[in-house]
Amino acid sequence: MRTITVPMVHVDLNSRGQWEVAVPEASERISCETLEAATSVAYLCAERSRPCELVVRDAYHRVLQRELIDDQVD
């Protein structure tokens with residue numbers, strides 16, 4: 001059985017209260033003031049890396065949202 005690994009885009013709340021988007025191919029995180037803004041950025045990044053898993057976590061790394069952005073065009 002072959003396991004397929006898909007890239008992940010993470011949205012995490014940092015210790016300063018900002019939401020950060022971590023993209024697999026980028027070395028730096030993108031900071032956003034709101035969860036809504038960070039999620040929008042994360043969706044744009046995930047769309048470019050289809051298939052991709054989008055994971056939103058709180059400051060305690062509890063998963064708030066998990067979604068697979070697949071390679072099929074909507």
Side-chain angles (χ1 to χ4, degrees):
M1 179 182 217
R2 192 174 129 199
T3 303
I4 298 173
T5 304
V6 296
M8 294 179 100
V9 175
H10 286 105
V11 176
D12 295 304
L13 184 61
N14 68 21
S15 61
R16 296 179 307 279
Q18 292 181 317
W19 292 93
E20 292 184 335
V21 180
V23 182
E25 66 272 359
S27 60
E28 294 186 22
R29 294 174 172 250
I30 302 164
S31 294
C32 299
E33 292 295 321
T34 66
L35 175 58
E36 182 180 347
T39 303
S40 294
V41 169
Y43 271 108
L44 289 173
C45 295
E47 286 289 328
R48 288 188 247 153
S49 300
R50 286 181 172 212
C52 184
E53 187 172 11
L54 173 62
V55 179
V56 179
R57 301 182 294 195
D58 67 8
Y60 301 102
H61 293 281
R62 293 178 295 210
V63 176
L64 303 175
Q65 177 183 346
R66 172 172 270 154
E67 184 176 346
L68 179 64
I69 311 297
D70 66 15
D71 58 352
Q72 297 178 9
V73 178
D74 296 335

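Other members of the cluster containing L44 do not exist, because no ILVMFWY side chain is joined to it at under 4.5 Å. Within the hydrophobic cluster formed by Ile, Leu, Val, Met, Phe, Trp and Tyr side chains joined at under 4.5 Å, directly or through other members, V63 is accompanied by M8, V55.
In this view, R66 and E53 satisfy the salt bridge (Lys or Arg N to Asp or Glu O under 4.0 Å) rule, not counting sequence neighbours. Scanning for salt bridge (Lys or Arg N to Asp or Glu O under 4.0 Å) contacts around E20 gives R16, R29, with sequence neighbours left out. Considering only residues two or more places apart in sequence or on other chains, A42 meets the side chain to side chain contact (heavy atoms under 4.5 Å, CB included) condition with V9, V11, V21, L54.
Remark: D58 CG to W19 CH2 distance equals 6.5 Å, nearest 0.5 Å.
Under the 4.5 Å side-chain criterion, counting only non-hydrogen atoms from C-beta, I69 is in contact with Y43. Looking at V23 and C45, their side chains come closer than 4.5 Å, going by heavy atoms from C-beta outward. Using a 4.5 Å heavy-atom threshold, the side chains of R62 and R57 count as separate.
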Validation: residues 31-39 side-chain donor-acceptor distances under 3.5 Å, sequence neighbours left out:
from	atom 1	to	atom 2	distance (Å)
E33	OE2	Q18	NE2	3.1
T34	OG1	A37	N	3.0
T39	OG1	L35	O	2.8

